[in-house]
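Down below is the structure, laid out as structure tokens.
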Amino acid sequence: MTTVFVLNGPNLGRLGSREPDVYGGGTLVDLQAQLESHAQTLPNAASITLDFRQTDSETELISWLHEAVDAGAPVIMNPAAFTHYSYALRDAAAQVSSAGLPLIEVHITNPHTREEFRHTSVISGVATGVIAGFGFESYILGLDAVARRLS
């Protein structure tokens, strides 16, 4: 059994009420339900479980990345605003990749079509891959990529 950590950064707990014109009307609970439902359709579904988490704390997100490394767990992460400036988060994310574990950076929107400060990701350089701009589907595509690497 492989546990895939699905980690969500600041303000994502406000999905559904925070800028629905930008992020859509779905909530974090909706996202989790969609991802768990999709996980059941994967060819190796019996061997994958999801550990879905959200925090507004940089410290907690870093601790979860350490936990993933220690558990040998792949990570799908939406670092949200931490994407653009958190070198501490980048260093923790690098440990995931250095351990040979998939680390998929996901974003609901395409940061490159938004404000200039969002165009830089300090995480992308240590991620296995980046999926952005497909709404909740970004997470689905991320899970598909992880599942393929596990099979």
Side-chain angles (χ1 to χ4, degrees), residues 1-16 18 23-24 26-112 118-151:
M1 183 69 70
T2 299
T3 299
V4 178
F5 281 41
V6 182
L7 306 179
N8 296 280
N11 298 310
L12 291 170
R14 305 292 295 168
L15 287 174
R18 176 184 177 226
Y23 298 101
T27 67
L28 196 65
V29 171
D30 297 333
L31 171 58
Q32 181 176 358
Q34 285 181 25
L35 199 57
E36 288 176 350
S37 177
H38 181 72
Q40 296 307 308
T41 69
L42 297 170
N44 49 351
S47 64
I48 295 176
T49 61
L50 302 180
D51 187 342
F52 195 93
R53 305 177 187 189
Q54 187 277 325
T55 185
D56 294 327
S57 166
E58 183 178 19
T59 303
E60 189 166 36
L61 194 52
I62 290 167
S63 293
W64 291 345
L65 288 169
H66 295 166
E67 185 181 339
V69 170
D70 293 346
V75 175
I76 298 167
M77 179 174 64
N78 184 339
F82 295 142
T83 302
H84 315 295
Y85 69 88
S86 178
Y87 296 109
L89 186 63
R90 181 221 180 269
D91 290 348
Q95 293 176 48
V96 176
S97 297
S98 293
L101 301 166
L103 170 66
I104 311 299
E105 177 185 349
V106 298
H107 298 281
I108 295 168
T109 65
N110 180 350
H112 298 286
R118 296 185 196 275
H119 296 186
T120 299
S121 169
V122 299
I123 307 299
S124 295
V126 297
T128 306
V130 180
I131 302 169
F134 297 101
F136 287 0
E137 186 76 11
S138 294
Y139 289 79
I140 301 291
L141 295 167
L143 181 57
D144 287 346
V146 168
R148 273 192 223 94
R149 288 179 173 269
L150 294 175
S151 57

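Between I62 and A88, the shortest heavy-atom contact is CD1-CB, 3.7 Å. Shown here for Q54 and L28, the closest heavy-atom pair between the two residues is CB-CD2, 3.4 Å.
Taking OG from S63 and CG from L7, the interatomic distance works out to 11.0 Å, rounded to the nearest 0.5 Å. Rounded to the nearest 0.5 Å, atoms CG (D51) and OG1 (T49) are 7.5 Å apart. In this structure, Q40 CD and L35 CG are separated by 10.5 Å, a value rounded to the nearest 0.5 Å. Here the straight-line distance linking atom CG of L150 with atom OG1 of T2 works out to 5.0 Å at 0.5 Å rounding. Rounded to the nearest 0.5 angstrom, Y85 OH and I123 CD1 are separated by 10.5 Å. Rounding to the nearest 0.5 Å gives a distance of 13.0 Å between CD1 of I140 and CZ of F134.
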Quiz item: Step by step, would you call Q95 with L65 a side chain to side chain contact (heavy atoms under 4.5 Å, CB included)?
Solution: CA-CA 8 Å; Q95 293 176 48; L65 288 169; over 6 Å; no
Practice problem: Using the side chain to side chain contact (heavy atoms under 4.5 Å, CB included) rule, take V122 and F82 through it: C-alpha gap first, then chi angles, then the decisive distance, then the call. | Solution: CA-CA 9 Å; V122 299; F82 295 142; over 6 Å; no
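Pairs passing the side-chain hydrogen bond (donor to acceptor under 3.5 Å, both in side chains) check and including a residue from residues 142-151, sequence neighbours excluded, read H38-D144.
The backbone N or O of I104 lies less than 3.5 Å from no partner atom in the side chain of T128, so there is not a single donor-acceptor pair. At least one donor-acceptor pair under 3.5 Å links the side chain of S138 to the backbone N or O of H107. Distance alone, capped at 3.5 Å, places no donor-acceptor pair between the E105 side chain and the I131 backbone.
At a threshold of 4.5 Å between non-hydrogen side-chain atoms, the residues L143 and L50 count as touching. Put simply, the side chain of I108 reaches to within 4.5 Å of the side chain of L12, judged on heavy atoms. Looking at heavy atoms from C-beta onward, F5 lies out of side-chain contact with V96 at the 4.5 angstrom threshold. Looking only at side-chain heavy atoms (C-beta outward), L101 and L103 stay at 4.5 Å or farther from each other.
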Which pairs would a plain distance check flag for residues 69-81, meaning a side-chain donor or acceptor within less than 3.5 Å of a matching protein atom at least two apart in sequence or in another chain?
{"unit_1": "N78", "atom_1": "OD1", "unit_2": "A80", "atom_2": "N", "d": "2.9"}
{"unit_1": "N78", "atom_1": "ND2", "unit_2": "Y139", "atom_2": "OH", "d": "3.2"}

